[in-house]
S.K.: 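Here it is, the structure, as structure tokens.
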Number of protein chains: 2
Amino acid sequence: MNKSEIFEDDLQDLARFAKVISHPARLAILKFLAETKTCISGDISDYLPLSRTTVSQHLKELRSLGLIHGEIDGLKINYCLCQTSIKNFVQLFDLFFEPIVSNSMYCNTVECIIEKNDTEIVSSEKID
Amino acid sequence: MNKSEIFEDDLQDLARFAKVISHPARLAILKFLAETKTCISGDISDYLPLSRTTVSQHLKELRSLGLIHGEIDGLKINYCLCQTSIKNFVQLFDLFFEPIVSNSMYCNTVECIIEKNDTEIVSSEKID
DNA sequence: AATTATTGTCGTATGTTTGCGTCATTAAAC
DNA sequence: GTTTAATGACGCAAACATACGACAATAATT
């Protein structure tokens with residue numbers, strides 16, 4: 001049923017990255033790791049209102065993409081951001097959206113014309 | 001069961017954006033719209049190997065975040081990118097990742113040291 | 001008026017994600 | 001050696017995502 005594989009590799013990679021960062025808890029973990037530089041999983045579950053088990057799973061997903069990694073230090077595991085990997089994915093994101101946001105062409109829908117002229121919305125022909 | 005609401009608004013917004021772009025089909029639709037400027041949903045389902053129904057649903061999700069919008073033109077609906085909205089979300093993304101990728105500090109894990117020195121991986125202490 | 005074309009909605013089946021409690025493993029402390 | 005602490009793996013239940021066929025609504029064409 002899953003047709004994800006049939007799309008271009010770049011789209012798949014970006015989609016995978018987006019999926020991993022598509023949960024506020026995982027974003028919060030990345031942010032926390034950016035501040036603390038390194039910490040153990042217990043620090044994260046103390047900081048976030050989530051159980052140890054749940055945090056452990058979120059860490060697993062971040063690890064599976066290579067966004068973070070952990071080094072065993074006795075009983076503890078010190079986690080930290082993998083800057084290289086994050087930079088690569090951010091670049092993938094930028095490469096995808098750069099041509100989209102830098103495109104000065106607008107289509108002819110009422111909303112686009114409104115945005116272009118920065119005036120108020122008056123149309124009732126809008127979908128959603 | 002869903003604890004997403006308890007996180008900061010910025011994290012929730014970015015997570016919502018990431019979720020919408022976390023499917024290769026939706027990225028492909030954005031890319032296609034960027035190229036065609038405007039098109040109808042049938043053009044997209046002809047272009048992508050997905051049924052009309054599935055494309056219609058993906059369009060609905062893109063619309064629900066405001067990434068695209070459609071204007072009714074008789075029987076047809078012309079879809080186009082909403083540049084303003086996309087730019088806002090891209091900015092949210094950049095604001096989140098800028099402090100992370102520009103951070104020159106590295107933690108003490110073997111991987112980080114390796115990355116810093118750009119040499120080969122030798123450790124067996126790695127997790128995943 | 002009947003037909004054709006374009007689209008969204010509904011229902012449904014299957015698969016994935018989220019969140020957590022319980023358990024097993026392993027290292028450290030006593 | 002026994003206990004304590006930190007963690008991942010397993011299993012489960014509820015919710016959500018994916019994909020599509022069938023149907024309904026509506027505008028255009030004949």
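Residue numbering restarts at 1 for every chain, and letters A, B, ... go by the order of the sequence lines. From a predicted model like this one, the values you see are computed outputs, not experimental measurements.
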S.K.: Among residues 43-55 of chain A, which contact DNA chain C at a heavy-atom distance under 4.0 Å?
M.R.: L50(A), S51(A), T53(A), T54(A)
S.K.: Would you call the rings of F17(B) and F89(B) parallel, tilted or perpendicular if under 30° counts as parallel and over 60° as perpendicular?
M.R.: parallel
S.K.: When you look at C80(A) and K37(A), which way does the side chain to side chain contact (heavy atoms under 4.5 Å, CB included) test go after all the steps?
M.R.: CA-CA 6 Å; C80(A) 69; K37(A) 309 303 175 203; over 6 Å; no
S.K.: Can you say whether a donor on the side chain of Q57(B) sits under 3.5 Å from an acceptor on the base of dA19(D), or the other way round?
M.R.: yes
S.K.: Side-chain N or O of N2(B) versus OP1/OP2 of dG19(C): is the shortest distance under 4.0 Å?
M.R.: yes
S.K.: Which of parallel (below 30°), tilted (30 to 60°) and perpendicular (above 60°) describes F93(B) and F93(A)?
M.R.: parallel
S.K.: For the pair made of CG in L59(A) and P in dA9(D), what is the distance, rounded to whole Å?
M.R.: 11 Å
S.K.: Is there a side chain to side chain contact (heavy atoms under 4.5 Å, CB included) between K19(A) and K19(B)? Walk through the geometry before answering.
M.R.: CA-CA 6 Å; K19(A) 191 164 234 164; K19(B) 191 163 236 164; over 6 Å; no
S.K.: For the residue pair I86(A) and L67(A), what are the closest heavy atoms and their distance?
M.R.: CD1-O, 3.6 Å
S.K.: State whether a side-chain donor-acceptor pair under 3.5 Å links T54(A) with S51(A).
M.R.: yes
S.K.: Rounding to a whole Å, what distance do you find between I40(B):CD1 and dT6(C):P?
M.R.: 6 Å
S.K.: Could you tell me how far apart I6(A) (CD1) and dA19(D) (P) are, to the nearest whole angstrom?
M.R.: 8 Å
S.K.: Looking at S56(A), I'd like to know whether one of its side-chain N or O atoms comes within less than 4.0 Å of OP1 or OP2 on dT7(D).
M.R.: no
S.K.: OP1 or OP2 of dT26(C) less than 4.0 angstrom from a side-chain nitrogen or oxygen of K76(A), does that happen here?
M.R.: no
S.K.: Give the rounded distance in Å between these two atoms: NZ of K60(A) and P of dG11(D).
M.R.: 12 Å
S.K.: Could you list by number each residue of residues 16-36 of chain B showing a heavy-atom separation from DNA chain C of less than 4.0 Å, or answer none if no residue does?
M.R.: none
S.K.: Can you tell me the distance, in whole Å, between the CD1 atom of I77(A) and the P atom of dA5(D)?
M.R.: 18 Å
S.K.: Reading DNA chain D from 5' onward, which residue's closest nucleotide shows up sooner: S4(A) or G74(B)?
M.R.: S4(A)
S.K.: Round to a whole Å and report the spacing from OH of Y79(B) to P of dT7(C).
M.R.: 8 Å
S.K.: Taking the side chain as C-beta and beyond, is there a heavy-atom pair between Y47(B) and T36(B) under 4.5 Å?
M.R.: no
S.K.: Would you say H58(B) reaches dA17(D)'s phosphate, i.e. side-chain N/O to OP1/OP2 under 4.0 Å?
M.R.: no
S.K.: Can you figure out which of dC20(C), dT26(C), dG8(D) approaches the side chain of L75(A) most closely?
M.R.: dT26(C)
